[in-house]
Amino acid sequence: MRRLIPPLAVALALAGLLTPAPPAAAVAQSPPHRMECDSDRGGRICTVVWSGEPRPHQVEEFTATVRSGDQVWARETIYSSTGGARTRPFLLPEHQVTVDATVTSLPEKQVGTPLRLMAWNLFVGGTFDRKETTGENLTQMIDYMNEVDPDIFFVVEAYGSSQKILDGLNARRPEGDRFSAVMITQPEDNSHNGDNLWLYTKLKVEKVYPRYADADISSFNLGGARLGLPNGKHVHAFSLWTWHDGWAYGDTHDAAVQNTHGLPRTKTTEQILEGDHLRRVAMGKAILEKAIPSFIGDDDAPVLMGGDLNAQSHLDWSEQFANAPGHGGVVLPWPYTKQYSDAGFMDTFRYANPDAGHYPGRTWSPFHGFGAIPGRIDYIFARGKDVRVLGSRADVARLPRHQDSPLNQVYPFYSDHGAVITDILIRGKGAGPKRSPVTEQPGKERDIWPVEPAGRRVPPAELKATASTFKPGIGDPARAVDGNLTTDFHSDYPVVAPQPHSITVDLGRVRELSAVRFQPKLRVNMTGTILKGMVQVSDDGTTFRDVKRVEWPRMTTPNDVDMRGVSARYLRLRSDFGIGGASALAEIIPYEIPR
């Protein structure tokens with residue numbers, strides 16, 4: 001059931017603002033619009049709907065921004081020739097919001113040029129640091145690239161796969177839809193590892209920018225080309241990579257976990273932010289204030305950049321999202337990514353998906369594990385008065401047709417980084433969007449800490465644990481029932497003890513259970529995080545019966561198993577598959593029905 005939200009109920013404000021008029025007979029209109037919300041879902045999943053009349057040979061550019069004060073919660077730009085439009089659903093915040101709406105009427109041949117942008121770190125050319133030796137992952141990776149079908153593709157860590165990628169992209173493409181490739185990283189800047197940065201594009205390469213190098217960056221970090229648009233205009237496109245020194249993700253992860261669980265902080269906010277200053281801030285200054293101006297001069301054509309920054313976003317970690325899932329109340333005004341905003345660049349993913357709680361946009365790491373926080377370290381930036389962002393998403397799972405592959409269990413995506421895809425439009429001559437813009441799934445891969453299960457928590461002092469394998473001392477199974485989230489049970493190395501592994505808890509007596517919580521280890525290094533297994537119980541510690549097969553995400557969130565109706569003295573988790581072939585847990589917490 002959908003219901004209309006009266007304007008006064010949500011402080012609906014018609015802004016009446018109009019975008020600058022393009023050439024010829026652009027007609028500005030005050031858009032009649034409303035907000036519709038789904039009452040079956042608490043009245044908080046909403047869309048903005050514009051109703052109008054179609055105009056012959058005209059296309060309307062409709063924009064809607066949902067805000068509360070200076071906080072933006074949703075925004076969208078839609079091109080319509082039908083006289084109406086509906087935004088994507090968004091989560092309405094608890095407090096009052098305003099909806100600012102504008103519409104500009106454009107001649108149907110003066111809308112602009114659509115471009116699909118893609119940025120991706122390929123993890124040593126699709127080989128998982130040369131651990132995947134069959135070549136099948138690279139084949140599937142290229143298939144996925146063709147599925148996305150970008151117009152400009154910013155590549156990091158091509159490392160020997162560049163020609164195979166180009167050949168695979170062009171294998172079945174007709175003339176006029178083929179890619180060309182620009183090698184950016186030069187041998188003198190990376191003689192050991194090889195070709196880091198590449199740029200692939202279906203646009204005409206008008207000029208490749210010369211190698212840039214100073215004390216802070218080189219072609220290992222930045223390079224690009226001027227690309228011609230079909231309408232005779234051009235854009236500047238750059239692939240980039242900046243250093244991981246001062247590991248922003250790891251420090252943020254630890255702070256959020258420590259805040260969430262009431263543990264002492266190992267680093268202050270100031271110490272965490274200092275990580276950006278080790279190298280990244282200086283690199284950003286060189287990129288934005290030296291290198292790019294040296295390439296483009298005073299040309300005001302759009303500038304597009306994509307790559308792996310190894311940095312967290314100041315937009316994600318603002319006060320607005322301090323209590324979002326996985327944030328743990330942490331506020332971090334990251335100085336490095338703010339440099340790009342200050343230089344006039346839009347972070348296109350966050351522009352299209354401004355609610356960082358509902359759209360975390362994780363790109364780190366589908367392989368190593370998503371941890372406890374939204375690790376968004378890969379970006380597409382755009383700058384220019386004629387640039388319109390239509391949609392953006394982050395991909396972290398293989399295509400459905402690849403998920404039956406044996407690769408999928410060990411390598412659930414084609415790289416250790418997610419890929420970022422953004423659809424934009426460059427206003428000007430052209431018929432406008434030809435395909436539906438990409439959209440992000442709301443809440444995808446969110447890290448939600450569940451409420452504590454019902455029942456009485458069995459005290460750690462009443463529990464004992466044994467395991468089929470463990471690292472002596474540092475991985476003792478007793479650590480999984482000691483009530484301490486900072487200690488872990490950990491199996492021995494896979495070469496010594498291959499999976500499956502098991503850890504068994506003696507409950508001290510037969511108990512009527514209500515639930516059991518399996519808490520993965522809360523460390524940045526998620527090796528051993530259990531992904532698949534079987535929960536079993538026993539009365540005598542010898543004969544076990546299966547209760548529930550489990551399959552858990554690559555996260556550090558607690559995994560709760562309903563045990564109502566189960567009575568037993570012994571509780572066992574058989575670990576059939578864990579990250580890196582190991583098994584680890586911070587805590588096993590049984591809950592019983594009180595007598």
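If you're wondering where the values come from, they're calculated on a predicted model, not measured in any experiment. Just so you know, residue 1 is the first one in the sequence shown, and it goes up from there.
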No-hydrogen, no-angle side-chain donor-acceptor test under 3.5 Å, [X] and [Y]:
| X | Y | result |
| --- | --- | --- |
| Asp416 | Ser365 | no |
| His417 | Thr363 | no |
| Thr47 | Arg86 | yes |
| Tyr359 | Glu440 | no |
| Asp308 | Trp241 | yes |
| Thr266 | Asp254 | no |
| His234 | Asp299 | yes |
| Tyr379 | Ser313 | no |
| Thr102 | Thr63 | yes |

Measure the spacing between [atom1] of [X] and [atom2] of [Y] and express it to the nearest 0.5 Å.
| X | Y | atom1 | atom2 | value |
| --- | --- | --- | --- | --- |
| Glu157 | Ser415 | CD | OG | 7.5 Å |
| Asp189 | Ile184 | CG | CD1 | 12.0 Å |
| Asn121 | Ile377 | CG | CD1 | 8.0 Å |
| Arg350 | Asp355 | CZ | CG | 8.0 Å |
| His327 | Leu332 | NE2 | CG | 10.0 Å |

Under 6.0 Å between ring centres, would you say that holds for [X] and [Y]?
| X | Y | answer |
| --- | --- | --- |
| Tyr340 | Phe381 | yes |
| Tyr336 | Trp243 | no |
| Tyr414 | Tyr144 | yes |

Look at the aromatic rings of [X] and [Y] and report parallel, tilted or perpendicular, splitting at 30° and 60°.
| X | Y | answer |
| --- | --- | --- |
| Phe128 | Phe123 | perpendicular |
| Tyr249 | His253 | tilted |
| Phe321 | Trp73 | perpendicular |

If you take all heavy atoms of [X] and [Y], which pair is closest and at what distance?
| X | Y | answer |
| --- | --- | --- |
| Gly326 | Pro374 | O-CD, 4.3 Å |
| Arg388 | Arg427 | NH2-NH1, 3.1 Å |
| Val156 | Gly307 | CG2-CA, 4.1 Å |
| Pro520 | Thr529 | CB-CG2, 4.2 Å |
| Ile380 | Ala119 | CG1-CB, 3.6 Å |
| Pro150 | Met145 | CD-O, 3.6 Å |

Minimum side-chain heavy-atom gap [X]-[Y] below 4.5 Å:
| X | Y | result |
| --- | --- | --- |
| Trp364 | Arg362 | no |
| Leu115 | Asp423 | no |
| Met526 | Thr556 | yes |
| Asn137 | Thr127 | no |
| Arg75 | Val72 | yes |
| Leu106 | Glu60 | no |
| Thr242 | Ile287 | yes |
| Asn310 | Trp247 | yes |

Return yes if some donor-acceptor pair links the side-chain N/O of [X] with the main-chain N/O of [Y] below 3.5 Å, else return no.
| X | Y | result |
| --- | --- | --- |
| Thr87 | Glu76 | no |
| Asn190 | Gly194 | yes |
| Arg398 | Gln140 | no |
| Ser239 | Trp198 | yes |
| Thr113 | Gly430 | no |

Test side chain to side chain contact (heavy atoms under 4.5 Å, CB included) on Leu222 and Tyr212 and set out the steps. CA-CA 8 Å; Leu222 178 78; Tyr212 181 92; 6.0 Å; no
With the threshold set at 4.0 Å, does a side-chain nitrogen-carboxylate oxygen contact exist between [X] and [Y]?
| X | Y | answer |
| --- | --- | --- |
| Asp149 | Lys202 | yes |
| Arg376 | Asp347 | yes |
| Lys267 | Glu274 | no |
| Arg67 | Asp100 | yes |

I would like to know whether Met283 and Asn221 meet side chain to side chain contact (heavy atoms under 4.5 Å, CB included); could you show each step before the answer? CA-CA 9 Å; Met283 296 177 83; Asn221 310 112; 3.2 Å; yes
Check the pair Phe370, Val396 against side chain to side chain contact (heavy atoms under 4.5 Å, CB included), reporting the backbone distance first and the verdict last. CA-CA 10 Å; Phe370 289 113; Val396 292; 3.9 Å; yes
Quick one: do Lys204 and Asp151 satisfy salt bridge (charged side-chain N to carboxylate O under 4.0 Å, His left out)? Show the steps, please. CA-CA 11 Å; Lys204 180 182 178 182; Asp151 298 294; over 6 Å; no
Under 6.0 Å from the ring centre and within 45 degrees of the ring axis: does the NZ or CZ of Arg393 meet both conditions for the six-membered ring of Phe349?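 Output no; distance or angle outside limits.
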Show your reasoning for whether side chain to side chain contact (heavy atoms under 4.5 Å, CB included) applies to Val281 and Gln339. CA-CA 8 Å; Val281 167; Gln339 287 179 297; 3.9 Å; yes
Determine, step by step, whether Phe238 and Tyr209 satisfy the ring pair (Phe, Tyr, Trp, His ring centres under 6.0 Å) criterion, reporting the C-alpha distance in whole Å, the side-chain angles of both residues, the deciding distance to 0.1 Å, and the verdict. CA-CA 9 Å; Phe238 299 94; Tyr209 295 119; 5.6 Å; yes
